[in-house]
Participant: 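Structure incoming, see below.
In this text, all values refer to a predicted model and were calculated from it rather than measured experimentally. Note that ligands are numbered from 1 as they come in the structure, with each ligand's atoms numbered from 1 the same way.
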Amino acid sequence: MNINNLLIPLSILLLFSFPFSSFSEKCNPQDKKVLLQIKKDLNNPYHLASWDPNTDCCDWYVVDCDIKTNRISSLHVFQANISGQIPASVGNLPYLENLEFHHVTNLTGTIPETITKLKYLKYLTLSFNNLSGPVPSFLSKIKTLTYLDISFNAFTGSIPPSLSELPNIVDLHLDRNQLTGTIPYSFGKFIAKTPHLYLSHNQLTGEVPKSLGDMNFGTLDFSRNKLVGDISFLFGTNKSLQTADFSRNLFEFDLSLVKVPKSLENFDVNHNKIFGNIPVDMTKLSLQFLNVSYNRLCGEIPVGGRLQNFEATDYFHNRCLCGVPLPACK
Ligand SMILES: *[C@@H]1O[C@H](CO)[C@@H](O)[C@H](O)[C@H]1NC(C)=O
Ligand SMILES: *[C@@H]1O[C@H](CO)[C@@H](O)[C@H](O)[C@H]1NC(C)=O
Ligand SMILES: *[C@@H]1O[C@H](CO)[C@@H](O)[C@H](O)[C@H]1NC(C)=O
Ligand SMILES: *[C@@H]1O[C@H](CO)[C@@H](O)[C@H](O)[C@H]1NC(C)=O
Ligand SMILES: *[C@@H]1O[C@H](CO)[C@@H](O)[C@H](O)[C@H]1NC(C)=O
């Protein structure tokens, strides 16, 4: 058999298959270049082994391409064994909507300012790493952000007041860092409606600014700080507060005077210096969680609603609180 008889169909096959495979590559060449730079900047980690220059970057691990434009819209690195810093090159993926580095062992350093170039960024998750330094105020320049999570890191310094200027922010997680100073006055001037604010497990001090009473928050989590004073102004019949966690601070106010919002579902104020009685209106709430232990409350626990469904330990260690589930009042 003549060898040419075999080679001719083979070459035709190659001729057709090669242009076809490159034609089918969806990946934007500029994005691919940037991703390979990011991989290099992260010291070619095993986690990004699928990032092979000879394959379509839309098929690579931990990235997504937009269905219409094929531009990289998401980079989500999580539970990875990577040592290094967040590469400044992430700022060169102009269509990124979601950027995530979550639970990356030995991800250190600060947040690169280049991320302010990302004009479509909605979700920024940099949680559970070892990032440090101050929380950069330039984050407030990313006007598209709806979700910002830098929790579980080692950030220090005070909270940048400018974060309240993020017009679309819904969830702001600054919890589990080493932040100091007071809650900014500007946090009573969020442009966004009903934000969820998480500031727990830091070293925040001072009083909560009265301006926060003008806002309508969905969540306020201030637990495990060193905050002081009266926060009764954060409540109100017309608010839509669902979760209020003020536990383990030094708050001191009369709970009897608090107008509880009907929306309240989770109420944790354990370990403070709160006095007075539990308001009767609390029997009208659909409470999922309550803990008022370790305060200075007094009087009978109002009967009704969910209040008798909680454990005695949700009420214990108060001055003279009594009635079910605690022992009867004398
Ligand atoms: C993480 O990477 C380092 C360095 O490449 C390696 O020595 C170590 O075994 C890896 N750890 C895990 C849990 O994969
Ligand atoms: C951060 O660093 C500490 C101490 O070096 C280490 O114990 C911890 O596992 C690290 N955390 C992450 C998420 O890498
Ligand atoms: C993390 O960094 C520490 C200290 O530099 C090093 O001992 C450890 O091997 C690193 N871990 C990984 C997974 O690279
Ligand atoms: C609460 O809302 C009602 C109805 O919109 C209004 O009449 C009332 O004045 C408000 N109360 C307060 C304390 O803002
Ligand atoms: C309420 O909080 C106190 C103080 O942290 C704790 O000891 C108790 O177990 C909590 N109650 C419940 C039911 O978790």
Participant: Nearest protein heavy-atom contact for atom 11 (N) of ligand 5: which residue, which atom, what distance?
Facilitator: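 Its nearest protein heavy-atom neighbour is D314 OD1, 3.0 Å.
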Participant: I want to know if ligand 5 touches S293 in the polar sense, i.e. an N/O pair below 3.5 angstrom.
Facilitator: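 Min N/O separation from ligand 5 is below 3.5 Å for S293.
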Participant: Does ligand 5 have a heavy atom under 4.0 Å from the side chain of Y294, from its backbone, from both, or from neither?
Facilitator: side chain
Participant: At a non-hydrogen distance cut-off of under 4.0 Å, which region of H317 contacts ligand 5 (side chain, backbone, both, or neither)?
Facilitator: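 The answer is neither.
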Participant: How close does the nearest protein non-hydrogen atom get to atom 1 (C) of ligand 5, and which residue and atom is it?
Facilitator: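 For atom 1 (C) of ligand 5, the nearest protein heavy atom comes out as N291 ND2, 1.5 Å.
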Participant: Show me which atoms of ligand 5 lie under 4.0 Å from any heavy atom of R248.
Facilitator: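 By the 4.0 Å cutoff, the relevant atoms are 4 (C), 5 (O).
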Participant: Quick one: do D214 and K189 make a salt bridge, cutoff under 4.0 Å?
Facilitator: yes
Participant: Angle between ring planes, F267 versus F235, binned at 30° and 60°: parallel, tilted or perpendicular?
Facilitator: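 Geometry flag for F235 against F267: perpendicular rings.
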Participant: Under 2.5 Å between the sulfurs of C329 and C322, yes or no?
Facilitator: yes
Participant: When you compare the side chains of S247 and H271, does any donor N or O come within less than 3.5 Å of an acceptor on the partner?
Facilitator: no
Participant: When you compare ligand 5 with T313, is there at least one nitrogen or oxygen pair between them that comes in under 3.5 angstrom?
Facilitator: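 Between T313 and ligand 5, an N or O pair is found under 3.5 Å apart.
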Participant: Run the salt-bridge test on D281 and K259 with the 4.0 Å N-O cut-off and return the result as yes or no.
Facilitator: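 Not counted as a salt bridge, because no side-chain N and carboxylate O are separated by less than 4.0 Å.
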